[in-house]
Structure formats: structure tokens, C-alpha cells
2 protein chains.
Amino acid sequence: MLKISKLTDYATVILSLMAKNNGRVCAAMELATATGISLPTVSKILKALVNAKVLISTRGAKGGYLLAAAPDKITVATIISALEGPIAVTECSISQQGCEQAAGCNISGHWNVINRAIYNALESVTLADMIKPQETLIPIASLYRIENHNVSQ
Amino acid sequence: MLKISKLTDYATVILSLMAKNNGRVCAAMELATATGISLPTVSKILKALVNAKVLISTRGAKGGYLLAAAPDKITVATIISALEGPIAVTECSISQQGCEQAAGCNISGHWNVINRAIYNALESVTLADMIKPQETLIPIASLYRIENHNVSQ
DNA sequence: TCATTGGGGACTATTTTAGTCCTATTTAAT
DNA sequence: ATTAAATAGGACTAAAATAGTCCCCAATGA
């Protein structure tokens, strides 16, 4: 189904919430309560986001997390890679030397094109877009630019 | 990592091979030998492709499998959905009523935009593209049309 | 000094995916 | 008819990835 992980999905929920709390430091506990996701899980996600420099953390009492950039500078692609590693549909697209499939797999170039297209799509939507009311999002029409190519069924 | 499953990857290898054998009926055994993938696994994949109408099968002696359409009419999107079900990055994008996440998840519309963009990318590459030598594939430049939108890093 | 809060990592449980195997059905050839 | 060669369908097991929890350490403000 080509789906993102549950944790990544949670991450978007958490980050959306933080974006709405514009600039306020949020403790993990607070975010857990607000989202209904358990504290250990929220913590795990927040740690990953700090490592990926999506969030900045402050330790100690009154500590917490803060967005490292404005919501319109944080893309969905960044969030996904923070939690799942590099975005690539196939194993071999990453390792660059895997794919020892006997049967002449010289397909990899094509997967790279696909990867690139998917990456661009994910890079085109930001946290800021995500917290906008739904009506305003049809305008992101550039995303549809790639169609009319082999629209068979 | 947002990756396709191994079986889907195998499927593209198998289908590429069949596309090259233009119009010849192939038995599962033959494809297993040619690709180095085990027979039970190849069979499983072929069955899924028949169900998805990507292949046509003939039973009995001298039976086997045949592409149900010309290679340029079979898209990567079709192959992926044959093996993994509908293409959607999030669970809720499919069920249309999941996502009972307390914290006001009205993000789904945005995922739909992303899903659509990804689907279009996958729909734009066909089996015929895949069996072309790699050089000829840079021209599929329309795929890159969606960039320049939030190209941060 | 102590309560609060994050950091890092180990660990377990769960779910998904991959892979195998068995039995039935179909069909060509003899 | 009988047999051999194929696919169909589904049950089952094994392996891997994901999700989720927990513990102990480090930092910081009151």
C-alpha cells in the first residue's frame, strides 16, 4: 500500500499541534495529553524529530520542545525522513549497489525517476499547509502538473 | 522509508521479462528459473497479477501466463496496487472514516493531495518505459514538473 | 537539593510481509 | 480414459519490520 508508518503519521499530528501553539515550548507530557498518544511513544517521536533538527529541545524543569523553523519551512518530506530514513521506494535506490538480481535488473534508473517525483511531491507540502483549513488547499495545483501522461484507466 | 514490498519489486522484474518475451506464453516455472526467484513465490505473484487483470492465465498442459495489455498500457501504479492494494500513504485516506484521532485530524485533505501526486507519478511510468535502456529515460521530464515549490535543502 | 523534563538505548510485543506447501481444477497429449 | 503439466485457492509458518514500553542518566530551574 506504499504507506507511511504510524509513527510518522503521529508526528504530523504532533507537529501540527505545535505549529498552532506558535512558538510556545511544549513538554512531551503536554503533547501526549493533547493528542491522546501515549507518553513513551510521543517521547520517542520527539527524540527522532530533534535528531533530524526539526525540533529544538530544552532539558530540565520548564524544558520542552520547539519547532526549529517556521512551519512553512518544514516539509512533509523532512518529517518522513526524520522517522523513516531516506525516502526511496526500493531498497537498491538507497544502497546504490544492492540489487544483484540475476535477471538483469537495469530498472533502477526508472525507480530513481519515480523516487524523485515522489520526493518532490512530499517536499511540496509543508507543515504550514497542513494546518490550513482544508478549503485553501486545492490551490496547490502544481502537484497535479505531472498528469496526462499515461492516464489509461 | 516509504518503500514498496519485495514482492512488488519481484513483480516488476517478472513483468519486464515477460514484456521482452513479447506475446509468448510463459509458465511460472520458466519465469522462476529465469529470474532466480523461487517457484512458490513467483506463483504467488503471478496469481495476484491475474486477479488484478494485469495477466491472463491459461490452465492445463502448455498453459501459462500472458500480459493482458501492451507494455505501454501497464503502469507501475497498476502493478503496485495489484500486490499491495490501493495506493495511499495513510490508513485514513483509504477507509474514508478512520482517523478518530482525538486531536482534530483535519489533515486528511492534505494527504489526499500527496496521495494524488504520488499516484500520478506512479501512473506515469509504464512497463514499456521500464524495459527501455536507461539512457532513454531522462526524457520523462514531465515528472520533474512539480519541483521548485519548497526546495529547501 | 530536589522535582521536572529531555537523552539514549535496550527490550518486548505486535503486526506485516515473505515464503512454503497442499489439494483441487483444467487441459493437452497419448 | 488416463496421465502429465499447468494454474487456482487458500492455509500455514517463518522472518522481518514496526510499534510500544521501560529504565537509567543528564540537565536545569526553583
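Letters A, B, ... are given to chains in the order of the sequence lines, protein chains preceding strands, and every chain is numbered from 1.
- For C/dA18, neither phosphate oxygen OP1 nor OP2 lies less than 4.0 angstrom from any side-chain nitrogen or oxygen of B/Y10.
- Here A/K132 pairs with A/D129 in a salt bridge; the nearest charged N to carboxylate O distance falls below 4.0 Å.
- Panel note: side chain A/E84, backbone A/S5; a donor-acceptor pair is recorded below 3.5 Å.
- In terms of modelled atom types and a separation under 3.5 Å, the side chain of A/T41 and the main chain of A/I37 share no donor-acceptor contact.
- Across the protein-nucleic acid pair, B/E30 atom CD and D/dA5 atom P stand 16 Å apart, rounded to whole Å.
- With the nearest nucleotide of DNA chain C identified for both B/T8 and A/K47, A/K47 has the one nearer the 5' end.
- For the pair A/N21 and A/C26, the tightest heavy-atom approach, listed with the atom from each and the gap, is ND2-SG, 3.5 Å.
- Among the heavy atoms of the strands lying under 4.0 Å from A/S38 are primed sugar atoms or P, OP1, OP2 only; no base atom is included.
- A/N120 places no side-chain N or O within 3.5 Å of a backbone atom of A/A117 that could act as its donor or acceptor partner.
- Neither OP1 nor OP2 of C/dG7 sits under 4.0 Å from any side-chain N or O of A/S43.
- What separates CD1 of A/I56 from C1' of D/dA27 is a distance of 17 Å, to the nearest Å.
- The distance between atom CD1 of B/I14 and atom P of D/dT7, rounded to the nearest whole Å, is 12 Å.
- Computed from coordinates, the B/I45 CD1 to D/dG10 P distance equals 18 Å when rounded to whole Å.
- Remark: A/R24 engages A/E30 in a side-chain hydrogen bond (donor to acceptor under 3.5 Å, both in side chains) (not counting sequence neighbours).
- Place A/A27 and A/K3 on DNA chain C by their nearest nucleotides, and A/A27 ends up nearer the 5' end.
- Computed from coordinates, the B/I4 CD1 to C/dT17 C1' distance equals 13 Å when rounded to whole Å.
- Considering only side-chain N and O atoms, A/N51 lies under 4.0 angstrom from the phosphate OP1 or OP2 of C/dG8.
- Distance A/L83 CG to D/dA17 C1': 15 Å, rounded to the nearest Å.
- Straight-line distance from the CE atom of B/M29 to the C1' atom of D/dA4: 15 Å, rounded to whole Å.
- B/I37 has its CD1 atom 12 Å from the C1' atom of C/dG19, to the nearest Å.
- In terms of heavy atoms, A/A27 sits closest to A/G63 at CB-O, 4.3 Å.
- Using a 4.0 Å cutoff on non-hydrogen atoms, the parts of residues 57-67 of chain A near DNA chain C are A/S57, A/T58, A/R59, A/G60, A/A61, A/K62, A/G63, A/G64, A/Y65, ordered by number.
- Contacts of A/K6 with the nucleic acid, taken as non-hydrogen atoms under 4.0 Å apart, involve only primed sugar atoms and P, OP1 or OP2.
- The side chain of B/K44 lies closest to C/dT20 when the candidates are C/dT20, D/dT21, C/dT17.
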